Amino acid sequence: MAKKTIHIMNTAFRDGFQSVYGARVLTEDFLPAVKACVEAGQTHFEAGGGARFQAPFFYCNESAFDMMDKFRATAGPDADLQTLARGINVVGLDSQSRDMIDLHAKMFKKHGITTIRNFDALNDVNNLIDSGRSITDHGLNHEVCVTMMELPPGCEGAHTVEFYQKTLQGIIDAKIPFTSVCFKDASGTSTPKKVYETIKMARKILPADCKIVFHSHETAGVGTVGYIAAIKAGADQVDCSMAPASGGTCQPDVATLWHALRGEDYDLDIDIDKMMHAESVFKDCMADYMLPPEAKSVEPMIPWSPMPGGALTANTQMMRDNNMMDKYEDCIHAMGEVVRRGGFGTSVTPVSQFYFQQAFNNVIFGPWEKIAEGYGKMVLGYFGKTPVAPDPEIVKIASEKLELEPTTANPVDLNDADPKKGVEPAKALLKENSLEETDENIFIAGACMQKGIDFLLGKMEVNGVRKGALTPAAQASATTAGGDGGYTVSVNGKKFAVDVKGDKATVNGKAYDIGVEDGIETSGTATVAHASADSVEVKAPMNAKVIKVVVNVGDLVNEGDVIFVVEAMKMEVEVKAASAGTITAIAVESGAQVTAGEAMASIN
């Protein structure tokens with residue numbers, strides 16, 4: 001009997017980048033590896049979407065649309081280039097209106113994409129209707145998803161085979177057009193037995209010619225075993241990556257799965273020798289990038305706190321940015337409770353980010369003292385219906401702290417009625433900043449908001465890309481202290497990597513203009529946070545980046561007025577006045593990094 005051929009989609013250049021490098025990879029660095037894969041005979045690539053839409057703008061100072069165009073040029077006209085969409089959230093954390101959902105499909109088609117894999121983290125079928133229709137209407141293949149994970153031990157109520165069958169049947173009954181079905185497990189926690197039974201169930205329900213795909217990660221150590229279970233149950237395709245962006249938080253390596261299937265009645269549609277050459281090219285491409293150790297590890301805690309591979313390293317990269325890696329273990333442990341009480345939305349973006357943000361808040365501020373906006377809106381119903389009802393106590397806390405009532409309304413209807421969402425508000429942002437009104441710019445403004453505007457204005461710079469050539473030397477230089485060279489500077493026990501060249505200093509990757517003169521100037525122009533013994537300090541609530549300074553020295557403020565807005569873990573946090581009075585000193589500026597407890601301003 002002839003062996004069944006299993007199709008492979010190469011995820012190295014999208015999910016691999018998200019799962020290892022926090023999606024922060026420069027386009028020109030990886031295109032030689034794409035070319036090598038094409039030469040090896042591969043024709044199906046994950047080429048963008050998900051975190052690889054916003055990250056190029058936010059971190060790489062690149063346009064994601066330009067990246068997709070270059071990917072298409074390298075892969076050739078016949079390649080199947082696939083992106084990832086998050087239902088009504090399309091390629092962001094927040095949900096969108098119908099006109100933005102439609103513009104997403106239009107723009108991705110224009111920029112060379114042929115297939116969009118489309119999921120809803122809550123498995124709310126209503127959230128797939130508009131996006132699925134737009135994808136199909138614009139001539140793209142729609143790969144609709146059922147999202148999977150294993151519930152933490154001791155939990156029940158969703159994520160059973162019966163639950164997945166109900167979701168799949170709901171997609172069919174809603175007459176959502178699709179060309180293939182993917183069962184997507186971003187946390188890699190589904191047990192192999194459940195994977196097998198789920199694919200078997202789908203094979204019975206779906207037409208015989210419908211392609212069934214299974215997607216997982218090795219984060220919990222069972223990804224390859226799950227792939228074999230899916231294949232034996234009737235899956236036609238599984239997703240594989242390539243080293244160094246494989247295993248651990250990523251998909252299984254194509255070579256690992258090829259080896260695991262030796263002697264079985266299945267072949268992969270690859271030339272393994274050519275793929276191993278392509279893998280060596282990819283390793284060379286990524287040799288200068290930092291490889292986080294957690295990206296290559298199996299994490300035993302993941303079944304208890306199902307953190308997806310793509311979110312795990314994105315979050316650890318942000319924690320490194322804010323010097324908070326010491327809080328990582330606490331956050332992972334805290335996440336279990338957040339999942340249990342949040343309604344069992346699948347731990348995949350954006351819900352995985354909501355889970356981690358709330359766990360982070362519970363660690364930093366105390367349990368349930370601060371509700372992350374995304375998590376709060378999810379339990380209140382603003383992203384759709386969760387698989388099970390969230391804990392009523394958490395719903396009550398979220399409602400009080402966010403000052404929002406619970407809702408059962410269709411979130412797309414709410415978004416259509418929201419004057420801050422949609423194409424027209426995006427156009428207004430462009431006009432306000434004297435930017436050209438193209439479809440691309442409209443989508444960038446609507447999906448990326450102020451950071452998208454900053455990119456279009458040329459205000460962004462490469463930041464957070466952990467590539468050796470972009471990282472200032474941390475070791476001491478042979479140059480005389482005080483002159484050009486690399487230094488490690490300690491301030492109150494905190495170390496900074498400082499690279500000095502003439503009138504420029506790069507501190508932990510951020511460039512500053514400097515001037516050094518002999519003597520101490522006593523004109524009083526140097527800003528200090530604590531102006532007098534009677535001053536009240538405004539302190540940073542956490543390690544964060546200052547994104548907005550709301551007041552000036554001399555302003556009168558009331559207790560509770562917003563003084564600063566800081567950002568950490570993709571959350572904006574308002575820093576408020578601790579008392580009424582006059583702002584007598586401001587010690588930080590927009591763009592500065594602050595540490596928890598650091599004095600930012602003084603009020604007299």
Side-chain angles (χ1 to χ4, degrees), residues 48-51 53-58 63-66 83 85-111 116 118 120 126-131 133-135 137-138 349-350 353-354 372-374 376-378 380-384 402-405 407 409-460 547-548 550 562 565 567 570-574 590:
F53 184 80
Q54 289 186 331
F57 297 105
F58 293 0
S63 168
F65 290 127
D66 291 345
T83 58
R86 302 160 178 165
I88 61 173
N89 291 59
V90 288
V91 287
L93 293 183
D94 201 2
S95 57
Q96 297 286 351
S97 56
R98 287 181 173 89
D99 54 2
M100 281 291 293
I101 291 169
D102 191 68
L103 185 58
H104 160 254
K106 178 183 177 182
M107 287 295 91
F108 277 51
K109 170 69 174 180
K110 178 180 177 181
H111 289 278
I116 295 182
N118 185 35
D120 179 62
N126 285 330
N127 289 345
L128 296 170
I129 294 172
D130 294 289
S131 52
R133 288 174 180 168
S134 289
I135 290 166
D137 288 348
H138 285 285
T349 308
Q353 197 63 45
F354 299 160
E373 183 179 6
K377 284 185 173 180
M378 179 185 72
L380 292 171
Y382 286 86
F383 289 98
L402 297 184
E403 298 181 349
L404 281 173
E405 290 299 316
T407 183
N410 185 330
V412 190
D413 291 339
L414 294 174
N415 294 340
D416 281 350
D418 188 339
K420 296 180 181 178
K421 292 187 176 183
V423 167
E424 290 307 316
K427 287 181 178 179
L429 266 177
L430 295 174
K431 184 176 181 181
E432 180 184 325
N433 290 276
S434 301
L435 290 165
E436 185 181 3
E437 190 183 289
T438 64
D439 282 342
E440 285 83 357
N441 286 358
I442 291 168
F443 190 77
I444 291 167
C448 301
M449 302 306 289
Q450 188 58 49
K451 288 183 179 178
I453 295 296
D454 288 345
F455 169 81
L456 295 172
L457 289 171
K459 293 182 178 179
M460 299 295 280
I547 60 172
K548 190 174 184 180
V550 181
V562 177
V565 179
E567 182 185 55
K570 296 185 181 178
M571 292 184 292
E572 292 186 4
V573 177
E574 294 177 340
S590 181

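This is a predicted model, so every value here is computed, not measured.
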Asker: When you measure from the side chain of Asn127 to the backbone of Ile88, do you find a donor-acceptor pair of N or O atoms at a distance under 3.5 Å?
Answerer: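 No.
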
Asker: Quick one: are Thr407 and Leu414 in side-chain contact, heavy atoms under 4.5 Å?
Answerer: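 In short, these two side chains touch, coming nearer than 4.5 Å.
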
Asker: Atom CZ of Phe443 and atom NZ of Lys110: how far apart are they, to the nearest 0.5 Å?
Answerer: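 Interatomic distance, Phe443 CZ to Lys110 NZ, rounded to 0.5 Å: 13.0 Å.
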
Asker: Roughly how far, to the nearest 0.5 Å, is the CG atom of Leu404 from the NZ atom of Lys377?
Answerer: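 It comes to 6.5 Å.
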
Asker: Any idea which heavy atoms bring Ala445 and Leu430 closest together, and the distance?
Answerer: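 Result for this residue pair: CB-CD2, 4.2 Å.
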
Asker: Report the residues that fulfil salt bridge (charged side-chain N to carboxylate O under 4.0 Å, His left out) with Asp137, sequence neighbours left out, ordered by chain and then residue number.
Answerer: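 With sequence neighbours excluded, Asp137 shows a salt bridge (charged side-chain N to carboxylate O under 4.0 Å, His left out) to no residue whatsoever.
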
Asker: In Å, rounded to the nearest 0.5 Å, how long is the span from CD1 of Ile444 to CZ of Phe65?
Answerer: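 Answer for the CD1-CZ pair, Ile444 versus Phe65, is 5.5 Å.
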
Asker: Between His104 and Gln96, is a side-chain contact (heavy atoms from CB on, under 4.5 Å) present by the stated rule, with each step listed?
Answerer: CA-CA 10 Å; His104 160 254; Gln96 297 286 351; over 6 Å; no

Asker: Run the side chain to side chain donor-acceptor pair (under 3.5 Å) test against Glu574 and tell me which residues pass, sequence neighbours left out.
Answerer: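 Per chain and number, Glu574 pairs via side chain to side chain donor-acceptor pair (under 3.5 Å) with no residue.
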
Asker: Are any side-chain N or O atoms of Asn433 and backbone N or O atoms of Leu435, one a donor and one an acceptor, separated by less than 3.5 Å?
Answerer: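 Such a contact is absent between Asn433 side chain and Leu435 backbone.
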
Asker: Donor-acceptor pair, distance only, cut-off 3.5 Å: does the side chain of Lys421 make one with the backbone of Ser95?
Answerer: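 Looks like yes, one N/O pair under 3.5 Å.
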
Asker: For Ala447, is there any backbone N or O sitting under 3.5 Å from a side-chain donor or acceptor partner on Gln54?
Answerer: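 Answer holds: yes.
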
Asker: Show the nearest heavy-atom pair for residues Pro350 and Asn89, with the distance to one decimal.
Answerer: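 Smallest heavy-atom distance, with atoms named: CG-ND2, 3.5 Å.
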
Asker: Residues in side chain to side chain donor-acceptor pair (under 3.5 Å) with Asp130, at least two apart?
Answerer: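 For Asp130 the side chain to side chain donor-acceptor pair (under 3.5 Å) partners, ignoring immediate neighbours, are Arg98.
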
Asker: Between the main-chain N or O of Glu436 and the side-chain N or O of Asn441, is there a donor-acceptor pair closer than 3.5 Å?
Answerer: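 Side chain of Asn441 to backbone of Glu436: a pair is present.
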
Asker: Any non-hydrogen side-chain atom of Thr83 less than 4.5 Å from a side-chain atom of Phe53?
Answerer: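 A side-chain contact under 4.5 Å is absent here.
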
Asker: Do Met100 and Val90 have side chains that approach each other closer than 4.5 Å (heavy atoms only, starting at C-beta)?
Answerer: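 A side-chain contact under 4.5 Å is absent here.
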
Asker: Let me confirm one number: the OG-NE2 distance from Ser63 to His111, rounded to the nearest 0.5 Å.
Answerer: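 So the gap between those two atoms works out to 7.0 Å.
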
Asker: If you define the side chain from C-beta out and look only at heavy atoms, does anything of Asp120 sit under 4.5 Å from Asn126?
Answerer: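 Answer no - side chains too far apart.
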
Asker: Roughly how far apart are Ile101 CD1 and Asn118 CG, rounded to 0.5 Å?
Answerer: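 That separation rounds to 9.0 Å.
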
Asker: Holding to ring-ring contact (aromatic ring centres under 6.0 Å, His included), I want the full list of residues that pass it with Phe58, two or more places apart in sequence or in another chain.
Answerer: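 Listed in chain order: nothing, the list is empty.
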
Asker: How long is the gap from CG on Asp102 to CE on Met107, to the nearest 0.5 Å?
Answerer: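 One gets 10.0 Å once the value is rounded to the nearest 0.5 Å.
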
Asker: How would you list, by chain and number, every residue that makes a side chain to side chain donor-acceptor pair (under 3.5 Å) with Lys109, sequence neighbours excluded?
Answerer: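 Once residues adjacent in sequence are excluded, Lys109 has no partner under the side chain to side chain donor-acceptor pair (under 3.5 Å) criterion.
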
Asker: Do you know which two heavy atoms are closest between Val562 and Val565, and how far apart they sit?
Answerer: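 That would be CG1-CG2, 4.2 Å.
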
Asker: Parallel, tilted or perpendicular: which fits the ring planes of Phe383 and Phe354, with parallel below 30° and perpendicular above 60°?
Answerer: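 Judged by the thresholds at 30° and 60°, the geometry between Phe383 and Phe354 is tilted.
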
Asker: What heavy-atom pair brings Gly384 and Pro411 nearest, and what distance separates the two atoms?
Answerer: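 Closest approach of Gly384 to Pro411: N-CG, 3.8 Å.
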
Asker: Who are the side chain to side chain donor-acceptor pair (under 3.5 Å) partners of Lys459, not counting sequence neighbours?
Answerer: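 If we apply the side chain to side chain donor-acceptor pair (under 3.5 Å) test to Lys459, skipping adjacent residues, there are no hits.
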
Asker: Restricting to non-hydrogen atoms, name the atom on Ala426 and the atom on Gly446 that form the minimum distance, rounded to 0.1 Å.
Answerer: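 That would be CB-N, 3.8 Å.
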
Asker: Is the backbone N or O of Val423 less than 3.5 Å from a side-chain atom of Asp99, with the two atoms forming a donor-acceptor pair by type?
Answerer: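 Yes, because the side chain of Asp99 sits within donor-acceptor range (under 3.5 Å) of the backbone of Val423.
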
Asker: Go through the steps for Ile442 and Glu437 under the test side-chain contact (heavy atoms from CB on, under 4.5 Å), then give the verdict.
Answerer: CA-CA 6 Å; Ile442 291 168; Glu437 190 183 289; 3.9 Å; yes

Asker: To check you understand the geometry: which heavy-atom pair defines the closest contact between Ser97 and Gly422, and what is its length?
Answerer: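 Closest approach of Ser97 to Gly422, heavy atoms only: OG-CA, 3.1 Å.
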
